[in-house]
2 protein chains.
Amino acid sequence: MRSGAVAHWGLIGANVTKPTIDDVAALAGVARTTVSRVLNNQPNVRPLVRERVLGAVETLGYRVNVQARNLAGRKVVRIALIHASDFDTEPNSYFSSALELGATRAGAGLGVQIITHVINQNDPAASDEIVARLRDDQCNGVILTPPFSDYPPLLREIDALGVAMVCIAGGAEAENFALSLGIDDFRAGEEIGAHLTGLGHRHFGFIKGLQGHASAETRYDGFLAALAKAGLGPDAVSTRRGNFTFRSGLECGQALLADRLRVDALVCANDDMAAGALLAAHKSGLSIPQDIAITGFDDTPVSEIVWPPLTTIHQPLKRMGARAVEYLADRLSAGMRDQTGREIIEHHLVVRDSTFVPTPAAK
Amino acid sequence: MRSGAVAHWGLIGANVTKPTIDDVAALAGVARTTVSRVLNNQPNVRPLVRERVLGAVETLGYRVNVQARNLAGRKVVRIALIHASDFDTEPNSYFSSALELGATRAGAGLGVQIITHVINQNDPAASDEIVARLRDDQCNGVILTPPFSDYPPLLREIDALGVAMVCIAGGAEAENFALSLGIDDFRAGEEIGAHLTGLGHRHFGFIKGLQGHASAETRYDGFLAALAKAGLGPDAVSTRRGNFTFRSGLECGQALLADRLRVDALVCANDDMAAGALLAAHKSGLSIPQDIAITGFDDTPVSEIVWPPLTTIHQPLKRMGARAVEYLADRLSAGMRDQTGREIIEHHLVVRDSTFVPTPAAK
DNA sequence: TCGATAATTGGAAGCGCTTCCAATTTATGC
DNA sequence: GCATAAATTGGAAGCGCTTCCAATTATCGA
C-alpha cells in the first residue's frame with residue numbers, strides 16, 4: 001500500500017479542513033505542546049506518549065503545516081539564488097536549472113522561499129545589483145554560483161550585510177565567509193587525466209571556460225597532476241579559453257585541431273563545449289574515439305544526445321542545490337550564520353563512447 | 001537606483017526584525033485592516049489614505065509575509081506536479097525541468113508549496129500511484145503533464161477526489177475536468193508544414209513520439225493540413241514512432257532514410273529526436289539543410305548545441321508552468337475549482353540553419 | 001435641514017504552530 | 001521515608017496576517 005494514510009478526507013480539494021495539531025493532541029489525549037515536541041524530535045517525552053502521538057498522527061493522516069510552523073517559530077527564511085548570465089544568453093543553462101530544481105524542491109519541503117535572480121556577469125555593477133536585490137527582497141540567505149562565488153569583494157560585501165551565504169563551486173576565499181559547496185575539483189581533473197593517459201593518450205588539447213571560475217582552474221591543475229604522474233609535462237597540453245557555450249567549444253576545438261594535428265584528446269570544461277569540440281572533430285574527418293578522444297564535464301543531458309556520447313564527470317547538481325538550502329534553513333532558524341567552511345560532494349567519472357568503446361566497433 | 005528601499009535594516013540577516021503590517025499601520029496612522037485592504041487592492045479606501053499607506057510601505061521597505069498571509073487567509077495551497085518517466089530514464093528532461101522551474105518560481109512568490117513527483121508511465125498502477133500521492137500529501141491542486149494529461153480515467157478519478165487540476169498539453173477530454181493549458185498544436189504543426197513546403201520540400205519523414213501524447217498527434221494533423229494546402233497528400237509522408245529520446249530519433253532517422261532515400265525533410269516530435277535524426281543524416285553522408293531539412297519541437301537548449309542548429313517550435317514552458325500555478329492558487333483560494341476549459345499559450349516557429357541558410361554557405 | 005443609505009475605517013478573533021514558563025510527576029540521594 | 005533535583009507535561013501568548021462585524025463618517029434625496 002503506497003497510501004500510508006489510514007484516514008481520508010472525502011474531498012481533499014478546496015475547502016476541506018485538514019487535521020491540525022489540535023486534532024492530533026485531542027486524539028492522543030495530550031496537550032498540543034507535547035505533539036509539537038514529538039513532531040520536532042525534542043526530548044522529554046515518554047516513549048509511551050510518543051508512540052501514542054505518532055499513532056494519532058498516522059490515524060488522522062496529519063501533516064504539519066510548514067507555513068504555520070515557520071510563522072510560529074519566527075523563522076521566515078528567504079533565500080536568493082544568484083545565477084550568472086553571459087550577455088543575454090543563459091550559458092550552462094542545465095547547470096543553473098539543476099541547481100535551482102534541487103534548491104526549490106528542498107525549499108518546498110521546508111517552507112523556505114527561494115527567489116532566483118539572473119545577473120549579467122559582465123556588468124561592472126553586478127555586485128551592487130546583487131546586494132540591492134538581497135536588500136530589496138529582504139533575503140536572509142543567498143546561494144552564489146560561479147563566477148560570483150569566487151569574487152572576494154562581493155563575498156565580503158554580502159558578509160558585511162549579515163546575509164548567510166553558500167558558495168557553489170567557489171574559490172579558495174569562499175570558505176572564509178560561507179559554506180563552500182562543491183566537488184573535489186582537483187581530483188575530478190585528475191581522474192580525467194588518469195583516464196586518458198591510461199588509454200594511451202599523450203597530446204592534449206584543453207578547452208577552458210571563462211576566467212574567474214576558480215573551480216574550473218583547479219580541475220585543470222588536477223589534470224596536469226595526472227599527466228605528471230604519467231611522466232608528461234605541461235607541454236603535452238595546449239589550451240584554449242572558451243565561454244562554456246557550444247559555439248566556443250566548436251571554435252576552440254577547430255583551433256586546437258588546426259594548430260597541432262598531433263592532439264589526440266580534447267578535454268573540455270563543460271559538456272556544451274565538448275559537444276562543440278565533437279563537431280569540430282567530425283568536421284575534420286576524425287573519428288571518435290579512435291582518432292581523438294573527447295571529454296566533457298557536468299554530465300548534463302547533452303552528454304547523451306551527441307555522438308558518440310560523452311565521457312564526463314557527473315556532478316550531483318540537484319543534490320548540491322538541495323544541500324545549500326537545507327544548510328541555510330538550518331543555520332538561519334538556529335539564529336546563527338557563523339558556520340563556514342568547505343563541504344565536498346561526491347562526483348564520479350562517467351565513461352562513455354567518446355573516449356573508450358569496449359568492443360571496438362567497426363565504423 | 002535599483003534598490004527601491006528607502007530604509008534598510010543594518011543586518012538583514014538572521015534575527016533582525018523586518019517591518020510588519022503593524023509598523024506600516026502605525027506610520028500611516030491607520031488600522032492594520034486598512035493597510036491590508038490597500039495591500040490587497042480592495043475597495044473602500046480613500047485615495048488619500050491609500051497614498052499614505054503606500055508611502056509608509058515604501059519608507060519602511062515593507063514586504064508582506066506570504067506565510068502569514070496564507071495562514072490567515074486559510075488558503076494553504078499545495079500543488080503536486082506530476083512528471084512521467086519512461087522506465088528509469090528522464091526523457092524530455094528539459095521539458096519537465098522548464099515546467100517545474102516556471103511552476104516553482106511562481107509558487108515561491110505566492111507562498112504555494114509545490115511537490116514534484118516522477119511517475120513511471122509504463123507502470124500499470126501509475127494512476128493509483130498518482131492518486132495515492134495526492135492523497136498522502138493532501139494536495140488540493142495538481143498539474144498533469146503528458147501522457148497523464150491525456151488519460152481520461154485518471155482525470156475522472158482526480159476529479160472525483162475534488163482536487164483542482166491543470167493539464168499541460170492534454171487531450172480533448174482534459175478541458176472537461178481541468179484547465180487545459182497548451183499551445184495551439186494544430187497550428188504549430190501547420191507552421192512547420194508550411195515552412196517546409198514553402199522551401200520546396202515534397203517528401204517527408206515524420207518521427208512521432210510515444211503513443212498517448214495527444215497534443216503530438218494534433219501537431220501531426222496540422223502538419224498534414226499544411227501539406228494538403230500545398231497540394232500534397234498523406235502519401236507524401238512516411239512515419240515512424242520513437243519515444244522522445246535521442247537514440248530513438250537516431251534509429252527512426254536511419255530507418256526513414258534507408259526506407260526511401262527520396263525523403264528530403266525529417267520532421268520530429270521533439271528536439272532530442274531531431275538531434276538523433278540529424279546524426280542519422282550525417283552518418284548517411286547527407287548535408288543539412290541542402291540534402292535534407294530537419295525540424296524539432298520545443299526549442300530546448302539541445303536545438304542550439306547540434307549542428308546545424310535546429311529549426312523548431314518554441315513553447316514557453318516556464319510560462320506555462322507559472323500560469324498553471326497561478327491559476328490553481330487563484331482558484332483554490334477563491335474556494336472554487338469549477339472553472340474548466342482550454343487556455344492557449346502563444347508559440348512561435350524558430351527558424352535556424354537545419355532548414356534554411358540565408359546566404360547559402362559553401363560547404 | 002434631516003434621516004437614511006452608502007462608503008470608510010477600526011477592533012478583535014483566530015489561522016496552525018512554536019515556545020516560554022509554570023505545574024506536575026518521577027527519580028535520586030541520604 | 002522524605003526533601004530535592006530532574007524529567008515530563010500543559011497553559012497561554014503570540015508569529016504576521018485576513019476577515020467578520022460593528023462603529024464612524026460622508027453622501028444624498030425630499
Side-chain angles (χ1 to χ4, degrees), chain A residues 15-53 56-57 60-78 110-111 113 138 140 329 332-335, chain B residues 14-26 28-53 56-57 60-78 110-111 113 138 140 329 332-335:
Chain A
N15 31 18
V16 178
T17 55
K18 300 170 179 173
T20 74
I21 193 173
D22 285 327
D23 297 327
V24 175
L27 182 57
V30 298
R32 186 201 299 184
T33 315
T34 302
V35 178
S36 177
R37 285 201 188 86
V38 173
L39 259 28
N40 294 288
N41 290 314
Q42 287 171 9
N44 297 335
V45 178
R46 270 165 35 221
L48 189 134
V49 174
R50 187 177 296 270
E51 280 314 309
R52 201 140 40 89
V53 170
V57 166
L60 294 171
Y62 169 78
R63 291 292 214 97
V64 62
N65 177 332
V66 274
Q67 319 233 26
R69 195 213 279 280
N70 287 339
L71 182 59
R74 283 128 251 234
K75 41 188 79 154
V76 181
V77 176
R78 194 178 301 157
L110 295 164
Q113 196 177 2
Q138 296 173 22
N140 29 28
L332 290 169
S333 12
Chain B
N15 30 20
V16 178
T17 55
K18 300 170 180 174
T20 73
I21 194 172
D22 286 326
D23 298 327
V24 175
V30 297
R32 185 200 300 183
T33 315
T34 302
V35 177
S36 177
R37 285 201 188 87
V38 172
L39 259 28
N40 293 290
N41 290 314
Q42 286 171 11
N44 297 335
V45 179
R46 271 168 32 222
L48 189 132
V49 175
R50 187 176 296 269
E51 279 314 309
R52 201 138 43 89
V53 170
V57 167
L60 294 171
Y62 169 78
R63 290 294 213 94
V64 62
N65 178 331
V66 274
Q67 320 233 26
R69 194 212 279 279
N70 286 341
L71 183 58
R74 282 131 250 235
K75 41 187 79 155
V76 182
V77 176
R78 194 177 302 156
L110 295 164
Q113 196 176 1
Q138 296 172 21
N140 29 28
L332 290 169
S333 8

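First the proteins, then the strands, lettered A, B, ... as listed; each starts at 1.
Look at B:R74 and you won't find any side-chain N or O under 4.0 angstrom from OP1 or OP2 of C:dC15.
Looking at heavy-atom distances under 4.0 Å, A:T34 makes contact with sugar-phosphate atoms alone, never a base. B:T20 comes within contact range of the sugar-phosphate backbone alone, with a heavy-atom separation under 4.0 Å but no base atom that close. Residue B:V66 is classed as having no contact, given no heavy-atom separation below 4.0 Å to the nucleic acid.
Whole-Å rounding puts the B:K75 NZ to C:dC15 C1' distance at 12 Å. Going from atom CD of B:Q67 over to atom C1' of D:dT18 covers 16 Å, rounded to whole Å. Separating the NZ atom of B:K18 from the C1' atom of D:dC15 is a distance of 13 Å, rounded to the nearest angstrom. In this structure, B:N65 atom CG and D:dG16 atom P are separated by 7 Å, rounded to whole Å. Rounded to whole Å, the distance from CG on A:L71 to P on C:dT19 is 12 Å. One atom, CZ of A:R52, and another, P of D:dT8, lie 14 Å apart when rounded to the nearest Å. One atom, CG of A:D22, and another, P of C:dG16, lie 8 Å apart when rounded to the nearest Å. Atom CD in A:Q113 sits about 15 Å away from atom P in D:dG16, given to the nearest Å.
For the pair B:R69/B:N65, no side-chain contact is recorded, criterion being any heavy-atom separation below 4.5 Å from C-beta on. Contact annotation: the side chain of A:R78 approaches that of A:Q138 to within less than 4.5 Å [non-hydrogen atoms, C-beta and beyond].
Of all heavy-atom pairs between B:T20 and B:Y62, the closest is C-CE1, 3.4 Å. Looking at every heavy atom in both residues, A:V30 comes nearest to A:R52 through CG1-NH1, 4.2 Å.
Map A:A31 and A:G73 each onto its nearest nucleotide of DNA chain D; the residue landing nearer the 5' end is A:A31. Where B:A68 and B:V30 meet DNA chain C, the nucleotide closest to each residue was compared, and B:V30 sits on the side nearer the 5' end.
Residues from residues 35-50 of chain A placing a heavy atom under 4.0 Å of any atom in DNA chain D, listed by number, are A:R37, A:N44, A:V45, A:R46, A:V49.
Distance NZ/A:K75 to CG/A:N140: 12.5 Å, rounded to 0.5 Å. Rounded to the nearest 0.5 Å, atoms OG1 (B:T34) and CZ (B:R46) are 10.0 Å apart.
Applying the side chain to side chain contact (heavy atoms under 4.5 Å, CB included) rule to A:S36 yields the partners A:I21, A:N40; only residues at least two apart in sequence or on another chain are considered.
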